[in-house]
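Inspection log for the structure reproduced underneath, given as structure tokens.
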Amino acid sequence: MKVYNTLTRKKEKFVPLSNEAVTMYSCGPTVYNFAHIGNMRTYIFMDLLRRALKYENFRLKGVMNITDVGHLQSDADEGEDKMERAAKAQNKSPYEIAEFYTNVFFEDLDKLNIEKPEIIAKATEHIDDMINYVVELHKAGYAYETSDGIYFDISKFPKYGQLSRIKLDEQMAGARVEENTEKRNHQDFALWKKAEPTHIMQWQSPWGMGYPGWHIECSAMSTKYLGKIFDMHTGGVDHIPIHHENEIAQNEALTGKKSVNYWMHGEFMLVDGGKMSKSLGNVYTVSQLMNMGYDPMVFRYFCLNAHYRKKLNFTFEGMDACKKAYNRLLAALYLHKVSAESALPEKLEKYEKEFYEAIDDDLNVPLALGILFTMTKENPSKDYFELALKFDNVFGLRLDNAGPYQEEELKEEIPTEVSELVNARATAKTNKDWAKADEYRARITELGYAIKDTKDGTVLTKI
RNA sequence: GGCACCAUAGCCAAGUGGUAAGGCGCGGGCCUGCAAAGCCUUUAUCCCCAGUCCGAAUCUGGGUGGUGCCUCCA
């Protein structure tokens with residue numbers, strides 16, 4: 001498989017360190033709030049990568065972190081802890097908050113048919129590993145203590161900035177962040193923070209009570225489960241400049257060796273052409289989409305329709321298009337499912353090869369979807385259905401749900417006024433009184449229902 | 001100010017040197033009393049300018065426009 005490596009900014013052939021299993025670390029959620037659809041896009045990307053690797057017969061050892069430790073609002077060492085703020089707002093303990101949102105997160109993964117990585121690592125269960133890591137860095141001279149914590153000394157790691165390709169001296173030092181005067185370098189980041197007595201989540205450490213910095217969490221846990229050097233690391237593009245840069249510094253300071261061979265990042269999802277943000281009120285969750293009548297698979301399809309390294313603009317117009325496309329896809333596949341015919345082996349081979357090449361080329365899933373659509377246009381054959389299911393090992397679109405095209409069932413009760421009109425229209429139709437029939441239909445429409453005459457009878461849908 | 005990405009039909013989106021996948025929509029047709037749904041079918045020369053090449057959406061240079069990051073962030 002060829003994958004795009006952020007480190008080299010090139011597509012490279014993927015060669016694992018070991019034949020046993022691909023070692024992959026994926027940045028997971030901070031569980032202080034609902035994950036939104038932008039977050040989920042990144043996990044869908046991770047899932048596609050995992051599925052594609054499996055399709056190519058790699059075995060996997062994946063780790064995903066659950067950040068259930070509070071981190072500060074800003075790296076400027078001020079501001080409130082996110083977990084604590086949520087806890088206060090909901091009058092619960094941080095652990096309750098974390099548990100609640102962790103569960104919701106996994107439910108969302110399930111809804112979107114995202115496979116859980118083999119190992120799920122909670123930050124609060126790895127505090128000792130983090131402390132040990134900080135101690136090591138401190139001993140080796142890469143960290144120093146200030147009045148409020150232990151910081152990583154960037155100047156001791158000259159390679160800093162290799163992933164994002166920033167030049168440190170060109171950054172606007174302190175432009176939007178209050179400088180912490182005790183820090184030796186502007187980019188130095190906290191490995192461990194000393195806690196104020198009021199801070200709820202804190203642990204005993206060689207530096208008194210405190211809590212870990214965000215970046216050390218991922219380094220400690222990836223090292224613990226995957227070793228100092230592993231194959232792949234995934235995350236969102238926003239993590240490139242700070243979080244992953246810091247991880248590299250932490251991991252490589254001690255070994256002097258490249259810690260991750262392939263860095264892969266999923267692009268952002270935009271909403272209406274701009275950034276998703278709570279203040280703009282354009283943040284959606286999977287549950288909200290479901291309440292609006294969108295099956296989670298429609299959202300997954302929406303994400304699959306664009307390459308993972310391209311920004312994807314979320315609009316409801318786009319979602320409607322995908323909803324239709326997805327439903328038609330299932331309907332088309334159903335014709336193959338119920339067919340007893342066989343397909344020409346050379347055609348099956350051709351589609352399978354095209355699909356493989358698309359996936360193999362840095363996960364060109366949009367192209368692969370196009371291939372699937374083209375295949376469904378073939379004369380119905382159970383073989384095409386079987387092949388589609390094989391493709392679905394990568395797509396994860398639950399194509400086995402293929403069934404005859406169905407109108408959405410009305411979830412609510414139909415008002416008697418409407419059902420009476422439906423009956424009256426049926427009578428008028430039987431009497432070939434078209435004027436009356438059309439009049440009834442117009443009134444049904446006014447009441448918010450659409451009426452369709454199918455060969456199996458009249459169907460009502462909500463407008 | 002710095003870094004990065006992007007610009008393909010009405011919309012979404014593949015394609016990165018050999019003559020524009022796929023989806024939605026629109027138009028046309030079949031079906032229907034008429035509609036709707038369904039099915040069939042049609043629909044672009046690739047932001048602008050200059051250059052390289054037998055040949056460029058694809059490479060180079062210069063513009064213009066958009067987005068993200070540089071602060072927690074998927």
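Sequence lines set the chain letters: A, B, ... in the order given, protein chains first and strands last, and positions in each chain run from 1.
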Mind checking the [atom1] distance from [N] to [M]? Whole angstroms is fine.
{"N": "U43(B)", "M": "C26(B)", "atom1": "C1'", "result": "8 Å"}
{"N": "C40(B)", "M": "C59(B)", "atom1": "C1'", "result": "42 Å"}
{"N": "A35(B)", "M": "U45(B)", "atom1": "C1'", "result": "39 Å"}
{"N": "A36(B)", "M": "A50(B)", "atom1": "P", "result": "48 Å"}
{"N": "C11(B)", "M": "C46(B)", "atom1": "P", "result": "15 Å"}
{"N": "G17(B)", "M": "U60(B)", "atom1": "C1'", "result": "13 Å"}
{"N": "C48(B)", "M": "G66(B)", "atom1": "C1'", "result": "15 Å"}
{"N": "A13(B)", "M": "C47(B)", "atom1": "P", "result": "14 Å"}

Side chain of [X], heavy atoms from C-beta onward: which of [options] has the nearest atom to it?
{"X": "F373(A)", "options": "G22(B), A4(B), A21(B)", "answer": "G22(B)"}
{"X": "N305(A)", "options": "C12(B), G25(B), A74(B)", "answer": "C12(B)"}
{"X": "R425(A)", "options": "G33(B), A14(B), A13(B)", "answer": "G33(B)"}
{"X": "A325(A)", "options": "G33(B), U67(B), G23(B)", "answer": "G23(B)"}
{"X": "P241(A)", "options": "C69(B), A13(B), C34(B)", "answer": "C69(B)"}
{"X": "R328(A)", "options": "A13(B), G38(B), A74(B)", "answer": "G38(B)"}
{"X": "Y301(A)", "options": "G23(B), G25(B), A14(B)", "answer": "G23(B)"}
{"X": "L270(A)", "options": "U67(B), C34(B), G25(B)", "answer": "U67(B)"}
{"X": "K275(A)", "options": "C69(B), C11(B), A74(B)", "answer": "C69(B)"}
{"X": "L312(A)", "options": "A13(B), A74(B), C24(B)", "answer": "A13(B)"}

Go ahead and name the base partner of [N]; Watson-Crick or wobble counts if both distances stay under 3.5 Å, otherwise write none.
{"N": "C26(B)", "result": "none"}
{"N": "A4(B)", "result": "U67(B)"}
{"N": "C54(B)", "result": "G18(B)"}

Students often mix this up, so state it plainly: with edges at 30° and 60°, are the rings of H233(A) and W263(A) parallel, tilted or perpendicular?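 Answer is parallel, since the angle falls under 30°.
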Can you classify the ring geometry of Y43(A) versus F105(A) as parallel (below 30°), tilted (30 to 60°) or perpendicular (above 60°)?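 Ring orientation, 0 to 90° scale: perpendicular.
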[X] side-chain N/O to [N] phosphate OP1/OP2 under 4.0 Å:
{"X": "N364(A)", "N": "G15(B)", "answer": "yes"}
{"X": "K452(A)", "N": "G38(B)", "answer": "no"}
{"X": "K310(A)", "N": "A7(B)", "answer": "yes"}
{"X": "K377(A)", "N": "G23(B)", "answer": "yes"}

F316(A) and ring-ring contact (aromatic ring centres under 6.0 Å, His included): which single residue from F302(A), Y284(A), F299(A) fits?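 Only match with F316(A) under ring-ring contact (aromatic ring centres under 6.0 Å, His included): Y284(A).
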Taking only residues two or more places apart in sequence, or in another chain, which ones meet E357(A) in a salt bridge (charged side-chain N to carboxylate O under 4.0 Å, His left out)?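 Applying salt bridge (charged side-chain N to carboxylate O under 4.0 Å, His left out) to E357(A) gives K353(A).
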Are F152(A) and Y160(A), when compared by the centres of their aromatic rings, separated by less than 6.0 Å?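 No.
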Remember a base hit wins even if backbone is also touched, and classify G318(A) as base, sugar-phosphate or nothing at under 4.0 Å, heavy atoms.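 Touches nothing.
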Knowing that exactly one of M221(A), M46(A), K116(A) qualifies, which makes a side-chain contact (heavy atoms from CB on, under 4.5 Å) with M64(A)?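 Per the side-chain contact (heavy atoms from CB on, under 4.5 Å) rule, the option paired with M64(A) is M46(A), out of M221(A), M46(A), K116(A).
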